[in-house]
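Not measured: the values here are computed from a predicted model. Chain identifiers are assigned alphabetically (A, B, ...) following the order of the sequence lines, protein sequences preceding nucleic acid strands; residue numbering begins at 1 within each chain.
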2 protein chains.
Amino acid sequence: MSDISREAVDRMTRLIGDPEKAECKVNRLRSLTIELDEAELESEAEIFRALADPCRLKILSLLREGELCACEIMVGVDRPQSSTSHHLSILRDAGLIKERKDGRWSRYRLAEGAVIEILNLVKILKDASVEG
Amino acid sequence: MSDISREAVDRMTRLIGDPEKAECKVNRLRSLTIELDEAELESEAEIFRALADPCRLKILSLLREGELCACEIMVGVDRPQSSTSHHLSILRDAGLIKERKDGRWSRYRLAEGAVIEILNLVKILKDASVEG
DNA sequence: CATCTATATCCATCTATTTCGATATATAAG
DNA sequence: CTTATATATCGAAATAGATGGATATAGATG
């Protein structure tokens with residue numbers, strides 16, 4: 001049992017009163033997160049990390065137009081070539097965009113699936129939290 | 001006109017041939033991102049940054065149970081108090097959770113709206129990209 | 001007012017990420 | 001084989017983020 005766990009039971013006992021119920025509550029709270037797969041959480045976090053950059057959001061927005069090559073994207077986002085390439089690799093590794101090699105060009109497009117829906121939902125969430 | 005812009009027109013000219021059409025294409029690509037509001041992109045990125053951490057994803061998962069105080073959340077995620085508090089403030093500032101002061105307790109709950117839907121969509125996206 | 005306790009903030013350290021020039025790789029073409 | 005060009009990768013500096021112990025704040029209670 002970790003130090004935090006020991007402290008946890010103390011805290012819960014103070015909060016609830018009955019030490020037995022307290023330990024029960026600690027166990028219930030713990031079980032909620034212990035069920036979660038760490039690797040799965042990490043790969044979900046990776047997707048959000050990929051989305052957590054204004055330049056990469058710009059790239060995704062550009063790709064709503066359809067497939068573009070790296071060089072066109074570089075123009076669209078107005079960044080140096082190496083930066084653009086780096087951002088593209090992060091989006092690709094996270095599974096948000098797909099790459100297709102075509103001669104000396106790398107052509108990128110949005111991954112099938114939920115990418116656009118996520119972007120739309122975040123817009124909704126943001127607007128709601130600005131109002132509230 | 002920035003260095004990148006100048007280089008951009010050169011690149012597009014090589015890509016397309018006709019310099020006039022090239023400049024036109026550069027302008028069209030640029031217009032797609034210039035329309036985007038930098039501040040808006042930044043606040044969307046902030047939401048994604050807040051989601052981009054396994055511990056914070058755990059917290060959101062815990063809060064699907066309903067309102068919890070900081071001390072219960074600390075137990076659930078098994079982290080020191082200062083870390084937990086820090087993560088909570090990031091989620092709060094991003095508008096993903098709401099805080100309610102109740103005596104010496106701070107009680108947190110999921111913000112109304114799209115939080116859960118976003119988490120669900122990311123799960124779908126992740127599963128799709130694992131298959132593909 | 002003194003004490004207890006839940007939470008927030010401070011601070012220093014560590015680690016991860018961004019940035020972009022320079023360089024490498026790879027494809028096309030002469 | 002040489003040159004040109006699209007893209008990726010490297011490397012080093014700058015910035016941002018996480019972590020957790022120590023301390024401050026603030027409400028509750030005696």
Within the structure, does a side-chain N or O atom of B/Y108 lie under 4.0 Å from either OP1 or OP2 of C/dA8? yes

Atom-to-atom span, CG of A/L91 to C1' of C/dT17 - whole angstrom: 14 Å

Hey, what are the protein-to-nucleotides 13-20 of chain D N/O distances that come in under 3.5 Å?
| from | atom 1 | to | atom 2 | distance (Å) |
| --- | --- | --- | --- | --- |
| D/dG17 | OP1 | B/R49 | NE | 3.3 |
| D/dA18 | OP1 | B/R56 | NH1 | 3.0 |
| D/dA18 | OP1 | B/R56 | NH2 | 2.9 |
| D/dT19 | OP1 | B/R79 | NH1 | 3.2 |
| D/dT19 | OP2 | B/H87 | NE2 | 2.9 |
| D/dG20 | OP2 | B/S83 | OG | 3.4 |
| D/dG20 | N7 | B/S82 | OG | 3.1 |

Any residue meeting side chain to side chain contact (heavy atoms under 4.5 Å, CB included) with A/N120, in chain and number order, not counting sequence neighbours: A/R64, A/I116

Let me know the distance between CD1 of A/I97 and C1' of D/dT7, rounded to the nearest Å. 13 Å

D/dA8, OP1 or OP2 - any side-chain N/O from A/S89 closer than 4.0 Å? no

Among residues at least two apart in sequence or on other chains, which ones pass side-chain hydrogen bond (donor to acceptor under 3.5 Å, both in side chains) with A/E65? B/R28

Can you sort out the partners of A/E38 under side-chain hydrogen bond (donor to acceptor under 3.5 Å, both in side chains), two or more places apart, ordered by chain and number? B/K58

Think A/S85 has a side-chain N or O under 4.0 angstrom from the OP1 or OP2 of D/dT9? no

Which parts of nucleotides 23-30 of chain C does protein reach within less than 4.0 Å, heavy atoms only, written one letter per nucleotide 5' to 3' as B for base, S for sugar-phosphate only and - for none? ----SS--

Would you please name every residue forming a side chain to side chain contact (heavy atoms under 4.5 Å, CB included) with A/E99, sequence neighbours left out? A/R92, A/K101, A/S106, A/Y108

Using the test side-chain hydrogen bond (donor to acceptor under 3.5 Å, both in side chains), find all partners of B/R109 that sit at least two apart in sequence or belong to another chain. none

Let me check something: any side-chain donor-acceptor pairs from residues 41-50 of chain B under 3.5 Å, sequence neighbours excluded? List them with distances.
| from | atom 1 | to | atom 2 | distance (Å) |
| --- | --- | --- | --- | --- |
| B/E42 | OE2 | B/R49 | NH2 | 2.8 |
| B/S43 | OG | B/E40 | O | 3.2 |

Restricting to side chain to side chain contact (heavy atoms under 4.5 Å, CB included), what partner residues turn up for B/T84, sequence neighbours left out? B/I73, B/M74, B/V77, B/R79, B/L88

Stem finding on DNA chain C, please: runs of three or more consecutive Watson-Crick or G-U wobble pairs, both distances under 3.5 Å, sorted by first number. C:1-30 with D:1-30

Residues that A/D102 engages under side-chain hydrogen bond (donor to acceptor under 3.5 Å, both in side chains), provided they are two or more places apart: A/R107

Could you report the tightest heavy-atom contact between B/L68 and B/L62, atom names first, then the distance? CD1-O, 3.9 Å

Who pairs with A/H87 by side chain to side chain contact (heavy atoms under 4.5 Å, CB included), at least two apart in sequence or on another chain? A/D53, A/C55, A/R56, A/I59

Tell me whether B/T33 contacts the main-chain N or O of A/G76 through its side chain, where contact means a donor paired with an acceptor under 3.5 Å. yes

Rounded to whole Å, how long is the line connecting atom CZ of A/R14 with atom C1' of C/dT3? 13 Å

Residue A/E99, side-chain atoms from C-beta onward, closest of C/dA8, D/dA8, C/dA6: D/dA8

For B/E72 and C/dA6, what is the distance between atoms CD and P respectively, to the nearest whole Å? 11 Å

